[in-house]
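Sequential numbering from 1 along the given sequence is applied to the chain's residues. No hydrogens, no waters, no symmetry mates; every other heavy atom, side chains included, goes into these values.
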Amino acid sequence: KGLPVGKSNPMFGITVHESVIEDRVKREPESVIRRYHLNQWVAGEDIWIPYGAWDACQSSIDLDPALPLFVGIDMARTIDSSAVVGCQRIDQRPLTCPLCGAADVSFSPIEEGEGAHCSACGDLVLSPPPEYRYPVRATIWANPYTESDPLYSQWTMNPHLVIEFCRDLFVRYPASACAIDDVVMPGPMFAYDPWRFRAEADLLTGEGLAMVELPQTDARMIPASQALYEAIMRGLVAHDGDPSFKRHMQAATAEQRDRGWRISKPKGSKRKIDAAVAAAIAVYNAMTTAPPAQPRRSVYEERGIRVIG
């Protein structure tokens, strides 16, 4: 809306139709739209989300300790900042049975079809489609000194702070988020780039945490960046208004690569975007990771064994 498509693209209405542009606007930053669909020059450091889009996602929806947690880790080794972002997939469907009128009920899906049994009356009803929201919370570690302070260049990130934080999340969010090699893992799914966090991840793996390698290559970060962008533009992300988190989100830019665009920062820039990168990883995994298959209980475990005679 408001983009001069007809004046900028001579093929508009011929091979490029309005529905295509509307779809692209939901999935691509404005700078990408202007450059590749409107034939316009754009600045090299355009922000990747429109002004106000992040603020519009502020919400009271919080992380739920009873639900699986998906964690993105962006780790620094030197004077740069580091961030850990947690995300969940929360179904916001109204929990009211259309048959008995009971509120705050749960629906148990049946084996086949789209029906579900109401926990209050037990009747079979059509299960409403899911309405997912993705609450995110960021923890950021940054250099406490200003660049003019002699201690600025001497400060280094303490990786044990991140290790302890991951251990804390493991205790606070026990629900299984993923399976590794067909083994259902307890607690959150921790996605990390092995280039900067391998030794720490190996330690946590030995303690039973579900550590999943996610190298920050284009093949991984392009779909993750675009998934986060689409979730923000659709108002599906829910954050608590953390100003540090907001600065990281606004500092990121959209960098066009051969396979698409991804969250980045200009070469040589001192912008801090660690929380934005970690958020893209966490939200993408929350969207795409299938629930781990739980082993089914046998009829004997559910009903017991009755001895006759």
Side-chain angles (χ1 to χ4, degrees), residues 62-90 134-144 155-221 223-224 227-228 245 248 263 272-297:
D62 204 349
L63 298 177
D64 186 344
L67 294 178
L69 181 71
F70 300 86
V71 180
I73 302 173
D74 190 64
M75 186 71 181
R77 288 291 189 186
T78 56
I79 60 176
D80 203 0
S81 60
S82 299
V84 173
V85 174
C87 177
Q88 290 180 322
R89 179 175 59 232
I90 295 183
Y134 298 90
V136 290
R137 295 295 184 269
T139 300
I140 302 169
W141 295 268
N143 193 325
W155 181 86
T156 57
M157 178 64 202
N158 182 357
H160 293 287
L161 296 175
V162 179
I163 291 174
E164 288 300 324
F165 187 69
C166 290
R167 289 169 174 161
D168 180 59
L169 293 177
F170 181 71
V171 174
R172 289 164 51 199
Y173 298 90
S176 298
C178 69
I180 298 179
D181 295 331
D182 296 326
V183 177
V184 177
M185 302 295 294
M189 171 182 174
F190 298 91
Y192 68 96
D193 189 336
W195 180 59
R196 297 179 177 176
F197 201 65
R198 181 178 294 280
E200 296 83 359
D202 288 344
L203 174 64
L204 293 172
T205 297
E207 297 178 8
L209 277 68
M211 308 302 296
V212 178
E213 290 190 8
L214 198 152
Q216 292 182 19
T217 61
D218 287 350
R220 302 296 184 91
M221 291 307 301
L228 176 59
F245 196 3
H248 280 235
I263 291 174
K272 309 301 182 185
I273 67 167
D274 307 83
V277 173
I281 294 170
V283 171
Y284 180 72
N285 284 334
M287 286 183 168
T288 60
T289 303
Q294 300 292 340
R296 297 189 62 180
R297 299 177 64 191

Item to complete: Go through the steps for L214 and V212 under the test side-chain contact (heavy atoms from CB on, under 4.5 Å), then give the verdict.
Response: CA-CA 6 Å; L214 198 152; V212 178; 5.6 Å; no
Item to complete: Evaluate side-chain contact (heavy atoms from CB on, under 4.5 Å) for H248 paired with V277, printing each intermediate quantity in order.
Response: CA-CA 9 Å; H248 280 235; V277 173; over 6 Å; no
Discussion item. Working note: I281 + M221, criterion side-chain contact (heavy atoms from CB on, under 4.5 Å); need CA distance, chi angles, decisive distance, verdict.
Written reply: CA-CA 8 Å; I281 294 170; M221 291 307 301; 4.0 Å; yes
Practice prompt. Tell me, with the steps shown, if L209 and C166 meet side-chain contact (heavy atoms from CB on, under 4.5 Å).
Written response: CA-CA 9 Å; L209 277 68; C166 290; 4.2 Å; yes
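Between A83 and I140, the shortest heavy-atom distance links the atoms CB-CG1, 4.2 Å. The two residues Y173 and P188 make their nearest non-hydrogen contact at O-CD, 3.2 Å. Closest of all the heavy-atom pairs between F190 and F170 is CZ-N, 4.3 Å. The shortest non-hydrogen separation linking S176 to P186 is OG-CA, 3.8 Å. Residues M211 and I73 come closest through the heavy atom pair CE-CD1, 4.4 Å. Considering all non-hydrogen atoms of both residues, A175 and P68 come closest at CB-N, 3.7 Å.
A donor-acceptor pair is defined here as one N or O able to donate and one able to accept, closer than 3.5 Å; no such pair exists between the side chain of D181 and the backbone of V183. Within the 3.5 Å criterion, the main-chain N or O of A286 finds a donor-acceptor partner in the side chain of R89. Formation of a donor-acceptor pair under 3.5 Å by the E200 side chain with backbone atoms of V162 is not found in this model. Judged purely by atom type and a 3.5 angstrom limit, R196 uses its side chain to pair as donor or acceptor with the backbone of M75.
The side-chain hydrogen bond (donor to acceptor under 3.5 Å, both in side chains) analysis of residues 273-287, with sequence neighbours excluded, yields the pairs S81-D274.
Taken to the nearest 0.5 Å, the CD1 atom of I263 stands 10.0 Å off from the CD atom of Q216. From T205, atom OG1 reaches atom CD1 of I180 across 7.0 Å, with rounding to the nearest 0.5 Å. We find the OH-CG distance between Y134 and L228 to be 12.0 Å, quoted to the nearest 0.5 Å. Between the OH atom in Y192 and the CD atom in E213 there is a gap of 4.0 Å [rounded to 0.5 Å]. The CD1 atom of I163 lies 14.0 Å from the CG atom of D168; values are rounded to the nearest 0.5 Å.
Judged as a side-chain contact (heavy atoms from CB on, under 4.5 Å), and not counting sequence neighbours, the contacts of T139 are W141, F165.
Residues P65 and R172 fail the side-chain proximity criterion, which asks for heavy atoms closer than 4.5 Å.
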